[in-house]
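For reference, positions follow the sequence shown, starting with 1.
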Amino acid sequence: MKLLGRPAVLYPVVGLIAGLVALFMFWPTQNPSELRLDEFEQAVADNQVEWVRISDRDNRIDGAMLDGKTFKVTYPREYASELTSKIREKPSIRVEVISQRETFWQSLIYNLIQWTVLIGAFALLLWFIVLKAGDGGLGRAGFGRSKARRSQKDEPDATFADIAGLDEAVEELAEIRDYLEAPERFRELGAKVPRGVLLVGPPGTGKTLLARAVAGEAHVPFYSISGSDFVEMFVGVGASRIRDLFARAKEESPAIIFIDEIDAVGRQRGTGLGGGHDEREQTLNQLLVEMDGFETGTGVVLMGATNRADILDPALLRPGRFDRQVFVDLPDFPGRVGILKVHAAGKPIAEAVDLEVLARRTPGFTGADLANMVNEAALLAARRGLKEIGMAEMDEAIDRVMAGPERKTRVISEHEKKVIAYHESGHALVGHVLPNADPIHKISIIPRGRALGYTLALPESDRYLLTRSELRDRLATLMGGRVAEEMIFEEPTTGAQDDLRAAADLARQMVTEYGMSDAIGPVSLAGPAGEVFLGRDYAASREHSDDVAAEVDREVRRFIEDARDEAKEILLQNRELLDRLASELIAKETLDTEEVRGIFDDVPAWRSSDSREVGIDGGDLHGTGKRTGPDESGLGG
């Protein structure tokens with residue numbers, strides 16, 4: 001029998017020794033009182049002494065009174081015979097005489113035993129603490145040992161059949177599986193499989209699942225660890241764990257090493273204000289050395305996952321280390337259908353549930369979002385006592401994932417409810433009539449998450465490029481809520497806080513990143529993409545003058561003011577429709593797609609009074625592939 005990998009007998013032994021130490025150190029003792037010689041003689045004469053012990057060489061008498069109190073007394077050597085005679089005259093006193101030689105050896109043995117027990121107990125406790133640390137102790141069985149979790153070859157794991165919507169990534173990783181299964185076929189052709197594969201993509205897209213699927217397909221040991229597990233407060237621990245991890249993997253090759261969130265240990269060196277973190281940089285250096293040290297045909301493949309490949313050290317990304325980068329992007333429409341089928345398998349889904357309709361409603365959702373959506377729908381069905389998961393539960397689950405659960409307990413006054421209704425109606429009306437805006441899918445004034453209401457606009461298909469006209473219509477839609485508040489209530493509220501922030505960010509991107517300002521021209525004025533390092537930010541110099549920065553601010557303001565003016569013109573010309581839509585929202589609180597279409601049925605498409613120039617494609621627009629979230633109105637300013 002073993003506990004924590006150590007013999008169980010150690011526990012009672014350590015407990016016994018600790019008890020003995022406490023006994024020696026804390027056993028209560030009664031210190032004898034010291035008497036003067038005349039006081040002792042008077043006590044003898046009064047028959048108050050019960051017993052005495054005479055140490056002839058110490059010239060000391062120890063003893064106890066009849067009342068139990070102990071004492072000691074010293075006497076001159078020349079007075080020994082006379083004092084002994086006085087004691088002998090009292091037959092009621094028990095007398096013991098010991099030689100000093102015997103006392104010395106008894107004391108020595110007693111002290112040796114006591115100190116031996118104390119030192120032995122301390123050494124045993126120290127040894128036990130080191131062993132108790134196990135994999136976190138010193139040496140190979142201690143701090144320097146890797147904390148990687150090893151999956152057995154026969155342990156059930158994911159396979160490529162569990163993955164949907166990532167066909168290109170699966171195709172890239174199939175070569176790794178084939179090599180681990182039959183490396184001879186590649187060696188005969190002189191082909192070298194990549195030593196390292198880096199999985200790059202947004203959070204929740206399935207990078208870890210892909211790595212597990214490769215190991216499950218190849219039936220090889222799978223060592224998984226997080227990048228943060230290598231960095232400790234003790235210098236050299238991370239590098240030691242790197243060495244131990246690669247040594248263990250080579251002993252069981254072919255094998256896969258998977259480091260999740262590798263940016264925690266692979267961040268660029270020398271990026272801090274006062275220099276890099278020495279321990280982290282030593283760990284990264286050791287990782288680089290180990291990746292260079294792969295012998296040909298070792299059968300060990302390193303896989304890393306990150307959503308911040310831009311901050312990784314260039315030495316880590318060069319060929320010979322991470323030879324291949326696999327981009328795991330957001331799933332498109334067919335991919336979302338496949339992911340929904342995977343997560344819906346085995347669940348009682350009603351026949352009325354159309355997965356393709358759900359996939360069209362969830363552009364920009366990651367695989368994790370879709371899995372969470374299906375699970376939320378199952379929880380809602382169970383809460384409602386249903387036997388099947390219906391379309392209503394799926395629709396509610398989408399709203400919960402995008403905006404959070406309904407906050408039915410929040411009490412909103414009638415005036416604030418009216419303000420929110422006009423705010424959301426302003427968004428919806430402007431977004432509906434503009435020809436390049438996304439269609440309005442749902443409007444609600446029920447508090448959900450942090451929002452007091454929301455307007456949900458979804459694109460008809462996945463979009464990867466946006467034109468200047470489309471971005472301008474998006475700006476006008478964002479300003480529609482604020483303009484509606486000013487029109488109806490003659491002053492704005494704090495509800496447009498997020499709208500203003502989103503509009504300012506979008507307008508600045510149009511000017512500084514996308515080159516969509518005629519005054520600035522097709523020039524990118526943005527800094528390095530994704531720069532997050534304090535040292536570089538502090539030392540970086542701006543690449544444009546103060547005059548250009550002022551012009552950028554004027555252009556950003558012009559874009560936003562043009563969008564506000566257009567939203568105001570739309571709402572003024574459709575004031576009756578705005579009032580009708582707000583009244584419907586106050587009465588029903590939520591309007592779905594069909595109800596929105598019914599209200600907007602007779603509204604013609606908008607043609608702006610100003611002759612706006614239709615722009616060209618905006619290029620690679622950062623963030624346009626992400627889902628369009630609901631407008632969060634009613635937040636405090």
Side-chain angles (χ1 to χ4, degrees), residues 1 3-4 6-134 136-139 142-143 233-234:
M1 174 181 177
L3 296 175
L4 299 177
R6 310 299 171 202
V9 70
L10 285 179
Y11 290 88
V13 169
V14 171
L16 178 61
I17 293 177
L20 291 175
V21 172
L23 182 65
F24 278 116
M25 296 180 64
F26 304 110
W27 181 265
T29 57
Q30 184 179 4
N31 294 324
S33 59
E34 188 165 355
L35 299 179
R36 298 195 308 272
L37 183 58
D38 60 332
E39 293 176 341
F40 172 70
E41 290 180 336
Q42 185 62 42
V44 171
D46 296 340
N47 295 320
Q48 296 178 359
V49 179
E50 181 180 3
W51 62 268
V52 295
R53 179 187 300 117
I54 302 174
S55 301
D56 54 358
R57 295 189 60 182
D58 277 346
N59 298 325
R60 191 182 72 181
I61 298 176
D62 297 296
M65 299 292 184
L66 292 176
D67 57 5
K69 294 181 179 180
T70 59
F71 65 87
K72 63 180 180 180
V73 61
T74 57
Y75 57 90
R77 183 178 301 276
E78 59 274 11
Y79 193 63
S81 299
E82 183 179 349
L83 184 61
T84 303
S85 300
K86 291 182 179 181
I87 296 173
R88 292 290 188 184
E89 292 176 355
K90 301 291 183 179
S92 60
I93 300 177
R94 300 197 310 271
V95 181
E96 179 183 0
V97 179
I98 57 175
S99 66
Q100 187 64 24
R101 181 178 301 274
E102 182 181 358
T103 304
F104 171 78
W105 286 112
Q106 286 179 345
S107 176
L108 179 62
I109 294 173
Y110 175 81
N111 290 332
L112 285 177
I113 294 175
Q114 182 178 8
W115 284 105
T116 301
V117 171
L118 288 174
I119 295 174
F122 178 77
L124 185 59
L125 284 172
L126 181 62
W127 173 76
F128 179 77
I129 291 173
V130 172
L131 291 184
K132 180 71 168 57
L138 300 171
F143 286 122
M233 63 179 293
F234 300 105

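Nearest heavy atoms, Val73 versus Leu35: CG2-O, 3.3 Å. The two residues Ala43 and Met65 have their closest heavy-atom pair at CB-CE, 3.8 Å.
Note: Glu34 CD to Thr70 OG1 = 12.0 Å, rounded to the nearest 0.5 Å. In this structure, Arg60 CZ and Tyr75 OH are separated by 10.5 Å, a value rounded to the nearest 0.5 Å.
With no hydrogens or angles considered, no side-chain donor-acceptor pair links Gln42 and Asp38 at under 3.5 Å.
Residues passing the side-chain contact (heavy atoms from CB on, under 4.5 Å) test with Arg94 are Glu50, Trp51, sequence neighbours excluded. Pro76 is linked by a side-chain contact (heavy atoms from CB on, under 4.5 Å) to Leu37, Glu78, Tyr79, counting only residues two or more places apart in sequence or in another chain.
In this structure, the side chains of Glu41 and Leu83 come closer than 4.5 Å at one or more pairs of heavy atoms. Put simply, the side chain of Lys72 does not reach to within 4.5 Å of the side chain of Thr74, judged on heavy atoms. Counting heavy atoms from C-beta outward, Val52 and Ile93 have side chains that approach closer than 4.5 Å.
Taking a cutoff of 4.0 Å between a charged side-chain nitrogen and a carboxylate oxygen, Arg36 and Glu39 qualify as a salt bridge.
Remark: side-chain polar atoms of Asp46 are not paired, donor with acceptor, to backbone N or O of Gln48 under 3.5 angstrom.
Tested against Ile61 for a side chain to side chain contact (heavy atoms under 4.5 Å, CB included), the candidates Ile54, Val49, Thr84 yield a single pass: Ile54.
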